[in-house]
Amino acid sequence: MSIDYESLKDKAVVLAQTGVTHAKELADTGLTKAKELADAGVAKAKELSEIGKLKVQNSTEQEAIRKAYSDLGKLYYAERGSAPEAAYVDLCQRITDALARISYNNERIADIKAAGQLSDDEVAEAEPLEDETADEEPCCCCGAEEAASEESATEAEEDKAEE
């Protein structure tokens, strides 16, 4: 039996070339799939990033609305708090009552400071930390109430000093 080495060699070359061609096709397909997956991942990341940005913008807008509502209420109370429309009577009364309690508390603070001869530094130690109240703005009337109570506290201290 005679073996035709040339024929076997040719078949081996053809098989090797076919294998290389298939390997290249698989590699190209794999690279294409990997690129598609990477592109899909990038697109998904961009979408999620955009959603995150929009949520932050919505949060900012909601804070602006909350601030506008607050300012609107302060303005209404300043202009109409003494004679509110029927729908606002209860809310305006709650504000008026709270302002009265604040005024009373400030008067008591002034009395206690005067009676105990406490300095502002000593009283400041008993006050809440600044970061607890830093974001709060006094309403349209509270600033005036506080200024009036500070004046009465100053007058009480001056009266005490004269005695």
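Counting begins at 1 with the first residue of the sequence.
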Applying salt bridge (charged side-chain N to carboxylate O under 4.0 Å, His left out) to Arg94 and not counting sequence neighbours gives Asp90
Under the salt bridge (charged side-chain N to carboxylate O under 4.0 Å, His left out) test, which residues partner Glu63, sequence neighbours left out?
Arg66
Side-chain heavy atoms of [X] within contact of [Y], under 4.5 Å:
X: Lys74; Y: Ser70; value: yes
X: Leu91; Y: Tyr77; value: no
X: Tyr76; Y: Cys92; value: yes

Ser119 meets the side chain to side chain contact (heavy atoms under 4.5 Å, CB included) criterion, sequence neighbours left out, with Asp121, Glu122
Does Glu50 have any side chain to side chain contact (heavy atoms under 4.5 Å, CB included) partners at least two apart in sequence or in another chain, and if so, which?
Lys53, Leu54
Filter on side chain to side chain donor-acceptor pair (under 3.5 Å), then keep only pairs touching residues 32-49, sequence neighbours left out; what's left?
Lys35-Asp39
Hey, could you give me the [atom1]/[atom2] distance between [X] and [Y], rounded to the nearest 0.5 Å?
X: Asp10; Y: Leu15; atom1: CG; atom2: CG; result: 11.0 Å
X: Ile51; Y: Asn58; atom1: CD1; atom2: CG; result: 11.5 Å
X: Leu118; Y: Ile112; atom1: CG; atom2: CD1; result: 8.5 Å
X: Asn106; Y: Leu99; atom1: CG; atom2: CG; result: 10.5 Å

Does Tyr104 have any ring pair (Phe, Tyr, Trp, His ring centres under 6.0 Å) partners at least two apart in sequence or in another chain, and if so, which?
none
Please answer whether the main-chain N or O of Gln17 pairs with a side-chain N or O of Thr21 as donor and acceptor at a distance below 3.5 Å.
yes
Arg108 atom CZ, over 12 foreign heavy atoms within 6.0 Å:
no
Which heavy atom of Gly81 sits nearest to which heavy atom of Pro84, and what is that distance?
O-CD, 3.4 Å
Whether the Asp97 and Gln93 side chains hold a donor-acceptor pair (N or O, under 3.5 Å, no angle test) is what I'd like checked.
yes
